[in-house]
Structure formats: structure tokens, C-alpha cells
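These notes concern the structure reproduced below.
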There are 2 protein chains.
Amino acid sequence: MGLYSDLREKLISDYGKLSPQMQKAARYILDHPNEVALRSMRALAAAADVPPSTITRLMGAIGVGTWQEFRDHYQNRLLDQPASYAQRARETQSTEHDANRDEHLLESIARTEIDNIGAAFNPDLMAGMIRACAAIENARHVYIVGRGAAYPAAYQFAYAYRLFRDNGVLVDGHAGAFGDELRGIGRRDLMIAVAAKPYIRDTVRAVDFARSQHCPVIAISDSDVSPIALDAMTKLVVRDTSQSFFQSFTAALSVMQALVALLVARGGQKALQRISAAEEQLAAFDTYFED
Amino acid sequence: MGLYSDLREKLISDYGKLSPQMQKAARYILDHPNEVALRSMRALAAAADVPPSTITRLMGAIGVGTWQEFRDHYQNRLLDQPASYAQRARETQSTEHDANRDEHLLESIARTEIDNIGAAFNPDLMAGMIRACAAIENARHVYIVGRGAAYPAAYQFAYAYRLFRDNGVLVDGHAGAFGDELRGIGRRDLMIAVAAKPYIRDTVRAVDFARSQHCPVIAISDSDVSPIALDAMTKLVVRDTSQSFFQSFTAALSVMQALVALLVARGGQKALQRISAAEEQLAAFDTYFED
DNA sequence: ACTTGTTTGAAACATGTGTTTCAATGACCG
DNA sequence: CGGTCATTGAAACACATGTTTCAAACAAGT
């Protein structure tokens, strides 16, 4: 917003000082900002009924070096943030030097993570989460699959879920072969699978097996066409952009937690009672530390 | 929305029938719709790592005559987006009350999560993370402890860490009694502990044991005075505010991921080499699914 | 009317863009 | 093994794009 506003303000304030033809161009740009982002300079010039050179001259007059630069600002306004953030991240990285390289990396990570979360809770995905909840509530068993880097998200859900429902099964193969837990899976059950590139074979196999047994699948993944999402009943596609070599599972974890929150909210009093029963049982096992 | 959705659906449904290179292109387009609207075909092809001709061929394969036509749909989507948001808001208000309540909860969760992340990357904590990295780099062994709801964050770190360092030990007690892995821990080692209220006794005991053996501790926790943070060498206090009954571990996970990114960045070429060696080893074990 | 300076649009330019062509490769099948 | 056919990437292509150049048109002051 800031970048775009700056240029717009400049265009308005300098308007009086511009030559007639430039005013014509400036006026068209002010009235049709989207065209700047999407159409070519020549097309814009034609639409504004000025020769292309006028636009180039206008760029110089308002202190912008090049049309590309000008257009980038208008494009960023149309994007949800990710590009602008990424670009800003790149800018800061190129300008500053090793001195506080670590700080810059961390700041850039923070921005990316926030973007990822923000993108995860878009209307589409929220609708998908609500649909997923309905499916979970009606399932006989809920199998949760996630391997490798996706395991934390799967575990997180399974751990919380089992505090208020006893039909959750974490498929992790700690005791024996992976997939053992899936015996008997069927159309009345549900599988929740988490995976991002590179997809781990076990996870894909588990999903394929579930589908072969007509068990519907909810896929939390990084793409609509990831091997686990392709034929899923419900896809929850989350962004996993990361500054580092590893993809980020923050958004995936967040979505898992939100699913739990949603289930509890919809479960009402009964869910809360089960949770306190579970807590009591854990306390009886002396699980918690009291000070 | 209609036009864009049609093309998107077509891309997804035909995905399986496409050649490998076209799948690569299709996937990139599905994952980065904005780029289609704003960048050139050649730029997109480069980003997707396919030759330009593959994009042209893909257009033919999904029954679109020309790239221009395809891009127009994506451009229109960008322009229509604000309208569709408003429309959706009106829809939800007029339809069911239940769904509306769910969406409000999710929006509220999203805001809270973003706040938690934002708070986690404050200057203080970033400084702490940098100090933590220095300690990790000099440790003989790095023990990672986290139980219950904190386990995902601990696991996440351990999993990524072990891809480029071989001195990481996840203390999880899957094979035998919890804490077995800590035998021999000493002043030259380091323990990373994750815990939030209610503190699980195992975690507290592990931290106490580490301290009794003069092993420094990095505590990722919810309070400066939590039992694991009280005498820690470095405290990374993250917010875990949540709309639901359970606290949120999103910020903790994010911090763990950031630590890894930082370690890799500081590790330079050597760290990257180890990562690719680890990836090769995993590939040799046929861990990953290739399409 | 003549200079001086600005403004304007056509044309030239180098580069970028989308598409087509074509030879090389590889997979499949008799 | 050889033959067929789909798949692939480099190069060539025709055209579009943003910028620069240049001469014509114009305005204003003497």
C-alpha cells in the first residue's frame, strides 16, 4: 500500500507542473490503476491517446527511472502481499551486509511465516476446514498420517484430538511396520494426511491404500496436485514458503490446531467434559509438574 | 471466479494425463496463480524450470488456444477478487448462523496466530536465538526434549537438525524409559527443552537432570519463570495465546524452524553439503515418492 | 521576423515475448 | 533387436515492448 500510495500522491501533486500531454497520461493512470498493473505500456498509451514516448517522459518527470519500476508498484497492490514481502526481503538482503545478516534473516523469516499463516486462513480454506470438521464428526475412526517433516503437524492434531475423542489413530509405525494401524479401514472411516514436497512414500502409500478401501481423505498439503491431494475428498492447501532450505510447516500446524479448536467449539459441553476427564486421568498418572 | 475456476479445475482434472514436464508446469501454475496474471510466459517458464515451449504445449493440451487467452482469465480473477470477498461476506451473513460462527472463530484464530508469530520475532527473542545458535554450534551433543503438546516442536527441530549435524539426540523415550538418552550428558553438551503449561513432569525432570550435570539449557517456553526456563542459560519465551482450550504451539514451532534456518545459514557451504548428502541417503533408502 | 527554449510524435533501436519447427532422445511393443 | 511414437529442449521466427533519437511544431520574448 505504501509504495503505491507514494507514487499516486506524487502523480497528483505534480499534476499541475506537467505538460498537457503528460497530464493526459497522468490522468488516465490515476483513473485506471489496474490497467497499469496488467496491460503493456504501449497499450496504456493507446488507451490514454498519447504516444508511448509521453509515458516514458512522464516517468522521468515524476522521478521514476523506468516504466517497469512504476508498474511493479501497481502490481504489488494487486497481489495479496507475498510478492511484495518477498521483494522487500530481497531488497534488504541485497543492500545490507554481513553485519547483522542474522537479524535480517530472522526478520525475513518472520514476515514469511506471517504471510503463510495469513494465506492459510483465506475464505476458501476456511470453508474447507469447516467441511473437514463435519466429516471428522461423522467418521467411525479418524486416521492421522504424516511422516518426516510433516509428522509434527500430524502428531499435534492426534494428541489434541485424543483428549476429547477416542476414535483417533495416529499412523506412525513406531511399534512395528508402518501402516499396521490401517487394517480394517473402510468407507465409514476418515484419513487425515499431511505431506509436502518431497513426498514421503509411506504417506502416499497410506493415502492410496485408504482410497482403495473407499475411505475418504482430507489432505493437508502444499499443492492441489500433490500425490496425496489429487483425489482427496477435501484439500487444505497451505503455503510452506521458507527462507531456509526446509519448507515451513507452521501454517500446516496452525491449520491442524484450528481444526481442533473448531471441533471442540462445535462439540460444545460434551467435548469440554471429555477434555477435563482426560486431564484428570493424566493428572492421576502424575504426568504434570506442579509448583 | 467462474472463468478462472474452470481453467483451474481443468488443470487439476487433466493433471494425471499430462506428460511429466507439463505436470511440472501445471503444478507451478496451480501453486502460483498470481504469477500467471502478472509475469511473462517466459519468466513463468523459467520459474517453473521448463522450456517456454512446454507452456505453449500445455495450453494446447488443456484446450486453450493461446497463452494470452489463458492469462486473461487469471488477470480477471485478480480484478474480481475484492468483489468476491464482499460477496462471500454477504453470503455467509445471509445463510446459516452456524457456519458464520465457525468462520468468525477461524478468523479470530488467524489473527491470534499472526500475533503470536509477530511477538515471537521481537528483537529480544531474535537476539536470544542468535545466542542459542552460537551455543548449539559449540556443543558436543545437542539433546532435544519436548513431551506432549510440545513434542511436535521438539521433533521438528530434531528432524531438520539431524539432516546436517550428527550430534543431535531427540529425547523421546520411544525405545525404553524416557531419559535413557541422557546418560553421559555433561557440561560440554547442550539441552534444548520445549514446554508450556501444564508442564509435563518428564520434561522438567530432564531439564533438572541436565542442570545437575552442569549441562546448559536453552528453554523454549511460555514464561520467564516456567520450571524449565528459571535457570536456563538462554530463554526463548514465546506467546501461546489461543482461542481454544489448548495453547498454540505455532510460534514455538516457528522459532524452532528459524533456529534451523539460522544454523544452516551460519553453517555455510558445509551445512548445505551435508544436507544434500542426507537427502541422497534418504533417496537411496527409497524414502521419497517421485511422480 | 527571429531567436530561444520547450513540447510533441514518428521512427529507429535493442531487447523481450509467444509460437513453431526440428532434430534428438527415450519409452514401448512386436 | 528394430520400429514406432510420444516427449523434450534448442533454435528460429515474427511480432510486441520500452526507450531513445530527432526533427517538426509551437510559444514567448525581443
Side-chain angles (χ1 to χ4, degrees), chain A residues 3 7 10-11 14-30 32-76 78 83 87 225, chain B residues 3 7 10-11 14-30 32-76 78 289-291:
Chain A
L3 296 171
L7 282 184
K10 184 124 187 68
L11 222 40
D14 290 5
Y15 187 78
K17 307 285 178 192
L18 296 172
S19 76
Q21 285 298 96
M22 288 196 203
Q23 286 193 359
K24 205 167 165 186
R27 156 140 204 175
Y28 190 88
I29 287 172
L30 287 169
H32 305 86
N34 292 333
E35 313 243 321
V36 176
L38 297 175
R39 305 185 62 194
S40 78
M41 193 208 80
R42 279 178 121 105
L44 198 84
D49 191 28
V50 295
S53 28
T54 298
I55 307 267
T56 304
R57 281 195 265 265
L58 177 61
M59 294 301 102
I62 61 171
V64 176
T66 145
W67 162 259
Q68 242 95 0
E69 189 184 328
F70 186 77
R71 181 170 65 181
D72 282 350
H73 291 220
Y74 278 78
Q75 289 193 342
N76 286 338
L78 274 185
Q87 188 184 350
V225 291
Chain B
L3 294 171
L7 282 183
K10 184 122 186 69
L11 224 40
D14 289 8
Y15 186 78
K17 305 287 177 193
L18 297 172
S19 76
Q21 285 299 97
M22 290 197 202
Q23 287 193 356
K24 206 167 163 189
R27 165 155 186 162
Y28 190 88
I29 287 172
L30 287 167
H32 304 88
N34 295 332
E35 314 240 322
V36 175
L38 297 174
R39 305 185 60 194
S40 77
M41 193 208 81
R42 280 178 121 104
L44 198 84
D49 191 28
V50 296
S53 28
T54 298
I55 307 266
T56 305
R57 283 195 263 264
L58 177 62
M59 295 300 103
I62 62 170
V64 176
T66 143
W67 163 259
Q68 249 93 0
E69 187 185 332
F70 185 77
R71 181 169 66 183
D72 282 348
H73 289 239
Y74 278 77
Q75 291 194 339
N76 288 334
L78 263 189
F289 173 87
E290 317 283 348
D291 37 358

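Small disclaimer: the values here were computed from a predicted structure and weren't measured. These numbers come from the heavy atoms of this one structure, side chains and all, not from hydrogens, waters or symmetry mates. Below, chains carry the letters A, B, ... as their sequence lines are ordered, and counting in each starts from 1.
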inquiry  = Walk me through whether A:Glu35 and A:Tyr74 qualify under side chain to side chain contact (heavy atoms under 4.5 Å, CB included).
reply    = CA-CA 9 Å; A:Glu35 313 243 321; A:Tyr74 278 78; over 6 Å; no

Expressed in angstrom and rounded to an integer, what is the separation of [X] atom [atom1] from [N] atom [atom2]?
X: A:Gln21; N: C:dA10; atom1: CD; atom2: P; result: 11 Å
X: A:Leu58; N: C:dT8; atom1: CG; atom2: C1'; result: 14 Å
X: B:Leu18; N: D:dA6; atom1: CG; atom2: P; result: 16 Å

message = Using the rule given for side chain to side chain contact (heavy atoms under 4.5 Å, CB included), can you reason through B:Tyr15 versus B:Met22, listing the C-alpha separation, both sets of side-chain angles and the distance that settles it, and then say yes or no?
response = CA-CA 8 Å; B:Tyr15 186 78; B:Met22 290 197 202; over 6 Å; no

ask   = Measuring from A:Asn34:CG to A:Arg39:CZ, what's the distance to the nearest 0.5 Å?
value =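 Between A:Asn34 CG and A:Arg39 CZ, I get 11.5 Å after rounding to 0.5 Å.
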
message = Which label fits B:Tyr28 and B:His32: parallel for a plane angle under 30°, tilted from 30 to 60°, or perpendicular past 60°?
response =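 Because their plane-to-plane angle is under 30°, the rings of B:Tyr28 and B:His32 count as parallel.
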
Set out, line by line, the N/O atom pairs under 3.5 Å between protein and nucleotides 17-21 of chain D.
residue, atom, partner, partner atom, Å
D:dT17, OP1, A:Ser40, OG, 3.2
D:dG18, OP1, A:Met41, N, 3.1
D:dG18, OP1, A:Trp67, NE1, 3.1
D:dG18, OP2, A:Met41, N, 2.4
D:dG18, OP2, A:Arg42, N, 3.0
D:dG18, N7, A:Arg42, NH1, 2.3
D:dG18, O6, A:Arg42, NH1, 2.7
D:dT19, OP1, A:Thr66, OG1, 3.0
D:dT19, OP1, A:Trp67, N, 3.0

query = B:Ala37 and A:Leu38: which non-hydrogen atoms are nearest, and at how many Å?
reply =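 Taking every non-hydrogen atom into account, O-CD2, 4.1 Å.
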
N/O donor to acceptor pairs below 3.5 angstrom from side-chain atoms of residues 48-67 of chain B, sequence neighbours left out:
residue, atom, partner, partner atom, Å
B:Asp49, OD2, B:Lys24, NZ, 3.3
B:Thr66, OG1, B:Gln68, N, 2.9

task = Could you work out which one of D:dG9, D:dT8, C:dG9 sits closest to the side chain of B:Pro51?
result =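 Side chain of B:Pro51 sits closest to D:dG9.
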
